[in-house]
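These notes concern the structure reproduced below.
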Amino acid sequence: MCTSIIYDSNGQHYFGRNLDLEISFGEHPVITPRNYVFKYRKLPNRKATYAMIGMAIVKDNYPLYFDAANEKGLGIAGLNFDGPCHYFPESAEKENVTPFELIPYLLSQYASVDEVKDALENVNLVDINFSKKLQLSPLHWLIADKTGKSIVVESTVSGLHVYDNPVHVLTNNPEFPGQLTNLANYANISPAQPKNTVVPDADINLYSRGLGTHHLPGGMDSASRFVKVAFVRAHAPEGKDEASSITNYFHILHSVEQPKGTDEVGPNSYEYTIYSDGTNLETGTFYYTNYENNQINAIKLSNENLDSDKLIDYELLEKQHINYQN
Ligand SMILES: C[C@H](CCC(=O)NCCS(=O)(=O)O)[C@H]1CC[C@H]2[C@@H]3CC[C@@H]4C[C@H](O)CC[C@]4(C)[C@H]3C[C@H](O)[C@]12C
């Protein structure tokens, strides 16, 4: 399971995700500079044009991005969508993009959600594996830009669906319209202390603070995380500067993180939040934390030579540094 959000703070927009899984693939931060050439399976080769940064594994010198953002302030995250997801055979009328190419394809050419929406009308997500070893995985995508707009893209048996996203978060199943419908079941959840309406005549002692969130789901499942993160994001205060904004951002994502041991997926195997990341879409600064190291690490897109044609890899810093005070 995974969770992705876009958060507005202090005039800036932060976009990224939690990656929840039982094993790590060796993913790490990767910059694709403007002159790197993407080789597409069913389209002509094309230069990246817009530089991008995100978490990826690199296979055969190809960056398989889990999530990334480009220098124009457009971000995309791929999340698991097992069940409803369906990819299609090659189509003669459309641009045939494989699901693992979707992030490079969109980030290399487009600067906004509106541009992406137009482009997607012409896209067929074609069922072609990266390799025998790396088969396609069922994904759906949260796409957001620095104006704060976001959409969800889902390819199912009924076709490619693009939904405006009024709550600016995404988890996993069910399909996005079902997640929105489910929010109605939690419509009265509030940061405010409730009034006693259950037995109005009785003097009921509101024994705790926070009773307005008593029915907020806290499970590791995707429907629970959707409601919880939508609520937390919607009520998160803005930061007053970059540091407090990114701190708030990670608190939102960490409110739905999965601690080890709580989500069993097989004998002795547990899904947990491997990393959380977020890019400031205005400045192109990429931040991340991970399970082992919850210090915030940052990489600035603008500090590299973005006109290069070679991928730039960064080590994932996984060592916890405890600040002993005595
Ligand atoms: C599994 C992850 C989602 C996390 C999640 O939701 N886990 C719940 C599991 S469960 O549903 O709870 O059981 C997703 C998110 C991004 C994906 C990579 C995207 C690039 C590339 C695309 C290729 O086509 C296939 C290989 C590839 C490396 C992908 C592997 C894997 O699919 C990644 C890591």
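We count residues from 1, following the sequence as given. First listed ligand is number 1; within each ligand, the first listed atom is number 1. None of these values were measured; they are calculated from a predicted model.
- A side-chain donor-acceptor contact under 3.5 Å links Asn124 and Asn96.
- Comparing heavy-atom distances from atom 22 (C) of ligand 1 across Phe100, Tyr87, Phe81 singles out Phe100 as nearest.
- Heavy atoms of Leu21 found under 4.0 angstrom from ligand 1 belong exclusively to the side chain.
- Residue Gly78 approaches ligand 1 through these ligand atoms, each under 4.0 Å from one of its heavy atoms: 15 (C), 16 (C).
- With a 4.0 Å cut-off on non-hydrogen atoms, Asn172 touches ligand 1 through its side chain and not its backbone.
- Side-chain contact annotation: Thr171 with Ser222, donor-acceptor N/O pair under 3.5 Å absent.
- Contact atoms of ligand 1 toward Cys2: 3 (C), 4 (C), 5 (C), 6 (O) (distance under 4.0 Å to a heavy atom of the residue).
- Contacts between Ile57 and ligand 1, counted as non-hydrogen atom pairs separated by less than 4.0 Å, involve the side chain only.
- In summary, Glu292 and Lys319 do not engage in a salt bridge, as defined by a charged side-chain N under 4.0 Å from a carboxylate O.
- A heavy-atom separation below 4.0 Å is not found between Pro99 and ligand 1.
- Under 4.0 angstrom from ligand 1, the non-hydrogen atoms of Gln135 all belong to its backbone.
- Which parts of ligand 1 touch Tyr65 is read off a 4.0 Å heavy-atom cut-off, strictly below it: atoms 19 (C), 20 (C).
- Contact atoms of ligand 1 toward Phe66: 16 (C), 18 (C), 19 (C), 28 (C), 34 (C) (distance under 4.0 Å to a heavy atom of the residue).
- With no hydrogens or angles considered, a side-chain donor-acceptor pair links Asp241 and Ser244 at under 3.5 Å.
- When only modelled atom types and interatomic distance are considered, Asp20 and Gln258 share a side-chain donor-acceptor pair under 3.5 Å.
- Residue contact check: Phe25 has heavy atoms under 4.0 Å from atoms 30 (C), 31 (C), 34 (C) of ligand 1.
- If you check each of Asp263, Asp221, Leu136 against atom 24 (O) of ligand 1, the one with the closest non-hydrogen atom is Leu136.
- The ligand atoms of ligand 1 that sit less than 4.0 angstrom from a heavy atom of Asp20 are 4 (C), 5 (C), 7 (N), 8 (C).
- With ligand atoms numbered from 1 in the order given, ligand 1 contributes 8 (C), 9 (C), 10 (S), 12 (O) to contacts under 4.0 Å with heavy atoms of Glu271.
- A salt bridge between Asp114 and Lys149 is present, with a side-chain N of the basic residue lying under 4.0 Å from a carboxylate O of the acidic one.
- Close contacts between ligand 1 and Ser137 involve ligand atoms 24 (O), 25 (C), 29 (C), 30 (C), 31 (C), 32 (O) [criterion: under 4.0 Å to a heavy atom].
- Under the 3.5 Å distance criterion, with hydrogens and angles disregarded, a donor-acceptor pair is assigned to the side chains of Glu242 and Tyr287.
- Ligand 1 does not have Asp82 within reach: every non-hydrogen atom of the residue lies 4.0 Å or more from it.
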